2 protein chains.
Amino acid sequence: MATIKDVAKLAGVAVSTASYALNNSDKVSQTTKEKVAAAAKSLNYRKNGLASDLKRTNTNTIALILSDLSGPYYSELIQGVQDVTTANGFDLIACSSIGGADSTAVKFLQEKRVDGAIILAHNISDEVTVQSARKGFPLVVLDRNLDSSFIYNIEVDNIHGGYLATEHLIQHDHSEIAYVSGPYNSHDNQLRFQGYLDALKDYNIPYKSKWKIIGDFTRESGYRATKMLIAQRQLPHAIFYANDEMAIGGLEALRENDISVPNDLSVIGFDDIQLAEYVSPPLSTIKQPKYEAGSLAVHVIFQVLAGEKVDHQYTLSTELVKRQSVMQRTIS
Amino acid sequence: MATIKDVAKLAGVAVSTASYALNNSDKVSQTTKEKVAAAAKSLNYRKNGLASDLKRTNTNTIALILSDLSGPYYSELIQGVQDVTTANGFDLIACSSIGGADSTAVKFLQEKRVDGAIILAHNISDEVTVQSARKGFPLVVLDRNLDSSFIYNIEVDNIHGGYLATEHLIQHDHSEIAYVSGPYNSHDNQLRFQGYLDALKDYNIPYKSKWKIIGDFTRESGYRATKMLIAQRQLPHAIFYANDEMAIGGLEALRENDISVPNDLSVIGFDDIQLAEYVSPPLSTIKQPKYEAGSLAVHVIFQVLAGEKVDHQYTLSTELVKRQSVMQRTIS
DNA sequence: ATGAAAGCGCTAACAA
DNA sequence: TTGTTAGCGCTTTCAT
């Protein structure tokens, strides 16, 4: 593989001249540039990006860490990240955190391969996250709340969202409201549950632990949780699923048991994933400002990189999306 | 930022020893390892991955080039890629090709930042692709067919898929079958169209150019193309959309015009994206073996990297998925 | 078991 | 405008 040295030799110039020429510096004459370009071409020269990044000590790229590259990721969020990144002339790479400690994600987090990173991956531990952030390497986390010098938190107002969802159900005269929870270690889930509790309290509805079923944010777990609920002697008036995926699984379970949504039972989800409007019935849910979250994340990174002082905490608001899975309860 | 030199100095050993210790080589005594580890920890040392990759002249990572990170990418395909990559102890990064010649993708393709790449991005030109592939840097393309020493082609049998879709429609007594095409420069689209033509011919149905409408694989374009079709004086019996996204856009246009699918008109798509089974009516379509395509792609790369001689051409078969958007035509 | 030193491919300060 | 050279941070050969 040809190096810049070979190119310089063939062109009959010094390496530095070749470097300048290749980088189109104006220190070098047009004719030399052409000579170098010709030599590079004939050798099929490709610069080694690692070497130049090493020399320059920065990479101009930021990483987006996802727990699963193939996952149902919020495409709007990625869009936001991507737009701002490219607008700033930076590169963006996405890497997966599956594999835990020796995942690609951790490698990128710890080995100075990028200038900053955005984390949306529950399977990266808080510990790894905290110890990866360092001066000159800002980290934005979108799925947790960490207090550390080089970590910036962007959250969606999950409490308010949970409140909104629950209140919406209550306003349709539902009082026995089940909560199908995400995994215990999910920060988002805890906050959504908190919102649920708050709404119940504000409307003087007692919380009953029998209405709390644990899921893990997967469709399958929503299905199972719902089956469990059905197996109990009494059905709730409505179910609030901590995310849409679980709600979709739940819808399937309800259908299998001939429980009509929203006639027999109302359902609400959280996230407003793309599928939500296509399931039957179209799912009412809580929408998050995903594009904004993504673009804000990168924005924060650039500010930090530019040496500006920025807040460590941001909260974006949620919004109720009314579709057809919630209906007024007819007292029978 | 602490370097290995600092660590060595603090630990009171030579750089080489520090390196060995950090890499857990057995050339170094346990006590030294501990000393070094302690020094590294106290300095919050992070190795510079670029430097070690540079030295080693390989990166152990492969890139997946997508035209849009946020796109509705075949998650199964990515899954296949990911599984095989991690199983081989390599890292996988995804990068976007938006931005054309100075996109992240091109940077990774040309600057030896990865050991191999898989391309599924129509906006990377054939030219860039061909000139990026080189000895020691195999490229697998999933969306075109290129004849070059270091390029490997994996294709789905689009012709057969197009044939299957069209034949399915014909077998339900549809003879006026519209084809909503993808963009002209799409290789996949051309082949699907070829299959359409072949089926028409085999069943002695004349091809009418008025039934060919151009789209660009987006939902929006499917919507527009369908509106155009509706605006023509006569409706076809069925529409074959070159991909599911366009079919979904089409379904919306038909619904708005009170044209019932499949009663008034049958619809079939191509891809079998996740949404397909959720739209109304559930979309009949052609399924591609995406996971297999992804895993095969990486597999080929590893074989080439290992110096084995491998085929340059692979074709995977497609399959008809019958759902509810195609119905027997009642001759009126 | 440990250290000295060369060098991966590039950039940039400095000299000419 | 061009050339010489140091060095980015690391790995690894060779000597000790």
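Order of the sequence lines sets the chain letters (A, B, ...), proteins ahead of strands, with each chain counted from 1. All of these numbers come straight from a predicted model, not from anything done at the bench.
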Just the rounded figure in Å: distance from [atom2] of [N] to [atom1] of [X].
{"X": "B:Lys5", "N": "C:dA5", "atom1": "NZ", "atom2": "P", "value": "13 Å"}
{"X": "A:Leu50", "N": "C:dG9", "atom1": "CG", "atom2": "P", "value": "11 Å"}
{"X": "A:Asp53", "N": "D:dC10", "atom1": "CG", "atom2": "P", "value": "15 Å"}
{"X": "A:Ile4", "N": "C:dT11", "atom1": "CD1", "atom2": "C1'", "value": "8 Å"}
{"X": "A:Asn48", "N": "D:dC8", "atom1": "CG", "atom2": "P", "value": "18 Å"}
{"X": "B:Asn58", "N": "C:dG9", "atom1": "CG", "atom2": "C1'", "value": "15 Å"}
{"X": "A:Glu34", "N": "D:dT2", "atom1": "CD", "atom2": "P", "value": "12 Å"}
{"X": "A:Lys55", "N": "C:dA13", "atom1": "NZ", "atom2": "P", "value": "9 Å"}

Could you please name the option among D:dG3, C:dC8, D:dT11 that lies closest to any side-chain atom of A:Val13?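 Among D:dG3, C:dC8, D:dT11, the one nearest the side chain of A:Val13 is D:dG3.
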Consider the side chain of B:Arg56, meaning its heavy atoms from C-beta on, and name the nucleotide among C:dT2, D:dT11, C:dC14 that approaches it most closely.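 Closest nucleotide to the B:Arg56 side chain: D:dT11.
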Applying a 4.0 Å non-hydrogen cut-off, can you work out what [X] is touching in the nucleic acid: base, sugar-phosphate, or nothing?
{"X": "A:Asn23", "result": "sugar-phosphate"}
{"X": "A:Ser52", "result": "sugar-phosphate"}
{"X": "A:Ser29", "result": "sugar-phosphate"}
{"X": "B:Lys47", "result": "sugar-phosphate"}

Decide if the gap between the ring center of B:Phe90 and the ring center of B:Phe302 is smaller than 6.0 angstrom.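 When the ring centroids of B:Phe90 and B:Phe302 are compared, they turn out to be within the sub-6.0 Å range.
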Regarding [X] and [Y], do their side chains bring together a donor and an acceptor under 3.5 Å, going by distance alone?
{"X": "B:Thr32", "Y": "B:Ser29", "result": "yes"}
{"X": "B:Asn48", "Y": "B:Arg46", "result": "no"}
{"X": "B:Ser67", "Y": "B:Asn123", "result": "no"}

Quick check on DNA chain C: between B:Ala14 and B:Ala51, whose nearest nucleotide comes earlier from the 5' end?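 This one resolves to B:Ala14.
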Tell me which of B:Gln30 and B:Thr57 sits closer to the 5' end of DNA chain C, going by the nucleotide each one is nearest to.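 Comparing both residues, the 5'-ward one is B:Gln30.
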Would you please confirm or rule out a distance under 4.0 Å between OP1 or OP2 of [N] and any side-chain N or O of [X]?
{"X": "A:Ser16", "N": "D:dT5", "result": "no"}
{"X": "A:Thr17", "N": "D:dG3", "result": "yes"}
{"X": "A:Tyr45", "N": "C:dC10", "result": "yes"}
{"X": "B:Ser19", "N": "D:dT11", "result": "yes"}

When rounded to the nearest 0.5 angstrom, what is the spacing between NE2 in A:His299 and CG in A:Asp83?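 If we round to the nearest 0.5 Å, A:His299:NE2 and A:Asp83:CG are 13.5 Å apart.
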Using a 4.5 Å cut-off on heavy atoms from C-beta on, say whether the side chain of B:Leu316 contacts that of B:Glu155.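 No, too far: nothing below the 4.5 Å cut-off.
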5' priority, DNA chain D, between B:Thr3 and B:Lys27 [closest heavy atom]: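 Looking at the nearest nucleotide for each, B:Thr3 comes out on the 5' side.
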